[in-house]
Amino acid sequence: MTASITTPALVAPEHYINRELSWIAFNQRVLAQALNEHTPLLEQAKFSAIFSNNLDEFFMVRVASLKSQQEAGVTTLSDDGLTPLEQLEAIQAKLRPLLELQQQHYRHSLKRNLDEYGIQLIDYTRLNARQKDWADAYFRSAIFPVLTPLAVDPAHPFPFLSNLSLNVAALIRDPDSGQQQFARVKVPQKILPRFVPIPTELCSREPAPVFTAVPLEQLVAFNLQLLFPGMVIEGHYFFRVTRDADLELRDLEADDLMEALQEGLRKRRMGGEVVRLEVANEMPDEVVQLLMDGTSVEPEDLYRINGPLGLDDLMSLLAISLPDIKDLTFKGRTVPALVQAQRSELEDGSIKADEFQSIFSVLRRGDVLLHHPFDLFATSVEEFLNQAADDASVLAIKMTLYRTSKDSPVVAALIRAAENGKQVMALVELKARFDEDNNIQWARQLERSGVHVVYGVLGLKTHTKVALVVRREKDTLRSYMHIGTGNYNSRTSNLYTDLGLLTAREDFGQDLVELFNYLTGFSKQQSFRKLLVAPVTLRRGMEELIRREIRHAHEGRGGLIRAKMNGLVDPAIISLLYEASAAGVQIDLVVRGMCSLRPGLVGLSENIRVVSVIGRFLEHSRIFWFGNGGQDEVYLGSADWMPRNLDRRVEAVAPIEEAQLREQLRLLLELYLQDSTAWHMQSDGSFLQIQPEDDGLVSQNILMQRWRGGLKM
């Protein structure tokens with residue numbers, strides 16, 4: 001099995017939207033959820049935190065890559081015709097107004113409105129006397145012992161600043177010599193809460209607030225005198241650095257790869273070159289220059305922030321128990337096909353709880369489509385693996401793990417299966433960005449438990465989400481499978497929308513057996529029966545499906561393509577979609593994130609519309625629908641239409657062969673396309689939201705209502 005990369009058809013630069021700017025447009029839509037007055041207040045805090053966290057990763061990876069290209073003198077133009085420097089300049093121009101919008105919302109809206117509901121995020125200078133006494137005592141007992149002030153002078157070089165660390169720059173004067181000095185104090189935000197709770201009974205207002213907190217960095221800043229006794233504190237200012245955190249790894253064997261990753265993670269924690277310096281807006285120019293010199297950043301890497309730095313810590317506010325300003329609690333249900341209704345009464349008069357059917361007997365009767373979080377992950381995918389682990393007839397379990405949760409029931413099931421004497425194989429993708437350390441720990445735990453652990457294929461990241469169970473039935477072996485769009489992660493299954501297929505189709509099983517043989521041994525598989533697998537058949541298969549719609553349109557049978565994905569940036573796919581649109585194929589796309597295609601251009605893409613749905617759940621499912629002259633073909637899987645998914649990752653996309661399940665996906669696509677709060681992409685790459693209120697047709701709300709009422713799509 002070897003990668004077969006098609007040379008992309010060229011797209012004219014003016015017809016291609018820069019992927020980095022398109023990503024910023026996506027994060028702008030995330031911020032819009034925070035700014036939307038119809039979003040519950042604590043959910044506004046959540047979306048603002050997501051906006052900040054997304055930006056941190058964007059700088060650590062994408063901006064860092066562009067800066068490396070610029071410094072290396074790379075002159076290759078992006079697909080839209082920009083040099084690395086021009087892209088960096090465009091990124092800065094787009095981001096600075098968004099950062100100011102976020103801070104205005106925090107200062108003038110979020111804090112004030114939260115206060116009305118009893119949540120006080122209060123500055124140190126506004127604490128009353130009793131609160132200050134408590135805060136200062138807390139500083140002395142819980143903060144002061146862990147701080148390490150570092151002076152900067154000819155005898156003390158500029159200290160190393162760890163990635164994403166929040167710091168206090170202190171200006172100190174010696175009263176005897178009159179000499180001013182600079183010192184840096186790192187805020188211990190990794191070990192202490194960013195918003196330090198203050199006992200509410202110390203508040204002087206009635207009724208007492210529900211939650212009162214002061215920023216941790218302010219407790220440090222206003223107690224600097226304890227760190228520098230005998231000195232005069234002339235000023236303090238907050239700053240934060242972001243470093244290049246992308247790991248560069250050579251193609252190594254498994255043991256070397258793990259060792260290289262561990263070394264790389266150590267370096268990441270220390271950090272590469274500084275790619276962004278954030279400073280408090282009021283910081284004097286001379287202090288800013290000292291920091292710029294010490295971190296070797298250019299003026300374009302400097303971001304003056306008019307408010308608190310690192311607002312990703314707003315996420316912690318969701319722990320406050322105030323349901324009136326949160327989204328309503330939602331818990332999905334067990335998909336009906338997997339439940340055996342036992343409405344019998346027990347001796348105490350209560351009703352016996354529903355019992356699970358044997359998932360294997362269900363799948364022998366037909367496929368089951370899952371839609372998380374509306375269908376519970378725990379009672380579907382986890383139950384599938386639990387039953388496999390405990391079933392004496394199951395001989396083997398094989399699956400891929402890309403990202404999984406800390407206390408993973410999936411991993412527990414694999415360990416139990418191995419202890420029960422089954423052959424268990426787990427492919428753990430060590431190179432899952434920012435989950436490398438977690439995956440290394442899982443890999444070691446699985447190996448200690450007798451699970452065969454492999455680390456994928458050299459040069460390719462294994463991103464596919466598949467599980468295979470082999471069961472002895474009478475005198476034969478039968479395969480049962482799960483093929484999904486999302487990770488085997490119990491926590492994120494409640495936060496992301498994802499699709500999955502449980503099936504016992506024989507040809508799917510043969511495909512997965514051969515795919516796992518490729519992942520674990522030596523195989524050069526060049527074709528599959530049903531699955532489209534990257535990097536071998538997925539690109540070619542998707543391009544041929546689009547070309548077939550073009551032929552249908554040319555021959556008078558119409559043409560229809562509907563697809564839902566996270567990102568669309570592949571030039572070859574975009575070129576084909578333009579060709580299809582020009583031929584008369586109707587193309588409807590639901591793209592959550594980056595989209596480099598320009599819809600609505602006369603003569604080129606006037607038959608293409610693109611919408612983006614941003615809701616309480618992160619849209620993560622991928623669906624690919626092709627009209628095929630009335631004989632619809634529908635696929636779901638783990639891949640987006642991006643070069644990395646089509647050419648540089650192991651992915652699997654599966655056809656949906658039962659008509660009833662295809663109809664469910666057709667209705668689901670219709671629902672997303674009709675969402676009244678969806679963002680509609682314009683030909684210049686901007687997005688318009690026609691109706692931001694949640695009182696119209698809102699896809700995720702309707703899905704929750706349908707599942708609460710026991711109705712399926």
Side-chain angles (χ1 to χ4, degrees), residues 5-29 58 62-63 65-67 69-70 73-98 300 539 542-543 546-547 549-550 553-554 559 561 563 565-612 640-647 678-689:
I5 302 176
T6 303
T7 302
L10 293 177
V11 177
E14 64 271 19
H15 297 155
Y16 189 93
I17 294 170
N18 183 274
R19 59 164 289 163
E20 318 302 349
L21 301 183
S22 184
W23 183 91
I24 292 174
F26 157 64
N27 213 31
Q28 182 176 2
R29 300 194 292 279
F58 180 70
R62 301 302 307 176
V63 172
S65 174
L66 287 171
K67 287 186 68 64
Q69 292 176 45
Q70 177 197 3
V74 173
T75 57
T76 304
L77 301 182
S78 61
D79 289 299
D80 62 322
L82 299 180
T83 66
L85 177 59
E86 289 170 334
Q87 292 180 76
L88 288 168
E89 291 171 343
I91 287 169
Q92 294 152 17
K94 290 283 188 182
L95 276 184
R96 294 184 191 279
L98 298 183
E300 58 268 19
R539 174 183 286 282
M542 285 291 170
E543 291 180 353
I546 298 171
R547 289 191 179 97
E549 293 305 311
I550 295 173
H554 283 317
I561 298 171
M565 68 199 80
N566 299 337
L568 169 56
V569 301
D570 186 77
I573 294 290
I574 290 173
S575 177
L576 273 175
L577 292 175
Y578 284 155
E579 183 181 342
S581 172
V585 177
Q586 180 60 47
I587 303 171
D588 300 316
L589 304 174
V590 183
V591 185
R592 185 196 78 202
M594 295 179 292
C595 182
S596 294
L597 174 148
R598 292 185 183 273
L601 293 174
V602 176
L604 183 72
S605 59
E606 55 195 315
N607 290 317
I608 303 177
R609 64 167 166 159
V610 179
V611 302
S612 175
D640 294 312
W641 280 346
M642 301 175 65
R644 70 185 186 190
N645 299 98
L646 300 173
D647 302 326
W679 294 81
H680 295 256
M681 188 177 185
Q682 309 301 297
S683 59
D684 64 355
S686 63
F687 283 79
L688 294 179
Q689 189 179 33

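All values below come from the heavy atoms of this structure, side chains included, with hydrogens, waters and symmetry mates left out.
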Once you measure the plane-to-plane angle for W23 and F58, does it fall in the parallel (<30°), tilted (30-60°) or perpendicular (>60°) bin?
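Answer is parallel, since the angle falls under 30°.
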Considering all heavy atoms, the nearest P571-V11 contact
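Minimum heavy-atom contact is O-CG2, 3.3 Å.
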In Å, rounded to the nearest 0.5 Å, how long is the span from CD of E606 to OG of S683?
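So the gap between those two atoms works out to 12.0 Å.
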At what distance, to the nearest 0.5 angstrom, does CG of N607 lie from CG of L601?
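Taking CG in N607 and CG in L601, the distance rounds to 12.0 Å.
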Can you name the one residue among V610, V591, L688, L589 that meets side-chain contact (heavy atoms from CB on, under 4.5 Å) with M681?
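Of all the options given, the one that passes is V610.
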For the pair D640 (side chain) and M565 (backbone), establish whether a donor and an acceptor sit closer than 3.5 Å, ignoring hydrogens and angles.
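No, because the side chain of D640 does not come within donor-acceptor range (under 3.5 Å) of the backbone of M565.
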Is the closest side-chain donor-acceptor distance between S612 and R29 under 3.5 Å?
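On atom types as modelled, these side chains qualify, holding a pair under 3.5 Å.
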Side chains of M594 and L568 in contact at under 4.5 Å (non-hydrogen atoms)
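Not in contact.
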Just one of V569, I24, L82 clears the side-chain contact (heavy atoms from CB on, under 4.5 Å) bar with N18, so which one?
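Of V569, I24, L82, side-chain contact (heavy atoms from CB on, under 4.5 Å) with N18 is met by L82 alone.
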Looking only at non-hydrogen atoms, find the nearest pair between H680 and V611 and report the distance.
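Residues H680 and V611, closest heavy atoms: ND1-CG1, 3.6 Å.
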With rounding to the nearest 0.5 angstrom, report the CD to CG distance, E20 to L66.
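The CG atom of L66 is 5.0 Å from CD of E20, to the nearest 0.5 Å.
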Yes or no on side-chain contact (heavy atoms from CB on, under 4.5 Å) for T83 and L77, after CA distance, side-chain angles and deciding distance?
CA-CA 5 Å; T83 66; L77 301 182; 3.5 Å; yes
Do L88 and E300 touch side chain to side chain, with heavy atoms closer than 4.5 Å?
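The answer is no; the side chains never approach within 4.5 Å.
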Could you check if a side-chain atom of L95 sits within less than 4.5 angstrom of a side-chain atom of N27, using non-hydrogen atoms only?
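No, their side chains stay 4.5 Å or more apart.
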About how many Å separate OG of S605 and CD of E579, when rounded to the nearest 0.5 Å?
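Here the interatomic distance stands at 14.0 Å.
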If we only count heavy atoms from C-beta on, is the D570 to M642 side-chain gap below 4.5 Å?
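They are not in side-chain contact.
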Working to the nearest 0.5 Å, report the span between CD of Q28 and CG of L98.
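Atom-to-atom, Q28:CD and L98:CG are 4.5 Å apart.
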From L577 CG over to I573 CD1, what is the distance, rounded to the nearest 0.5 angstrom?
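Here the interatomic distance stands at 6.5 Å.
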Check: R539 side chain, L646 main-chain N or O, donor-acceptor pair, under 3.5 Å:
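No; judged by distance alone, with no hydrogens or angles, the pair does not exist.
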Would you call K94 and L21 a side-chain contact if the rule is heavy atoms closer than 4.5 Å?
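They are in contact (side-chain heavy atoms under 4.5 Å apart), so the answer is yes.
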Exercise: identify the closest heavy-atom pair between I608 and P599:
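Where I608 meets P599 most closely, the heavy atoms are O-CB, 3.4 Å.
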Which heavy atom of G685 sits nearest to which heavy atom of A25, and what is that distance?
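Scanning both residues completely, I find the closest heavy atoms to be O-CB, 4.4 Å.
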Is there side-chain contact between K67 and V63, with at least one heavy-atom pair below 4.5 Å?
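Sidechains of V63 and K67: in contact.
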Would you mind listing every salt bridge (Lys or Arg N to Asp or Glu O under 4.0 Å) that reaches into residues 75-93, with sequence neighbours excluded?
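Every candidate salt bridge (Lys or Arg N to Asp or Glu O under 4.0 Å) pair involving residues 75-93 fails, so no pair, neighbours aside, qualifies.
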For the residue pair A553 and A583, what are the closest heavy atoms and their distance?
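Scanning both residues, the minimum pair turns out to be CB-O, 3.5 Å.
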Determine yes or no for a side-chain-to-main-chain donor-acceptor pair under 3.5 angstrom, with R592 supplying the side chain and F26 the backbone.
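Pair absent, no side-chain N/O of R592 close to backbone of F26.
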Backbone N or O of I574 within a donor-acceptor pair of the Y16 side chain at under 3.5 Å?
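No, Y16 side chain to I574 backbone: no donor-acceptor pair under 3.5 Å.
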Looking at every non-hydrogen atom in both residues, tell me the closest pair between P84 and Q69 and how far apart they are.
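Heavy-atom minimum between the residues: CG-OE1, 3.7 Å.
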Examine distances only and state if a side-chain atom of Q689 and a backbone atom of F687 form a donor-acceptor pair shorter than 3.5 Å.
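Checked: no pair found.
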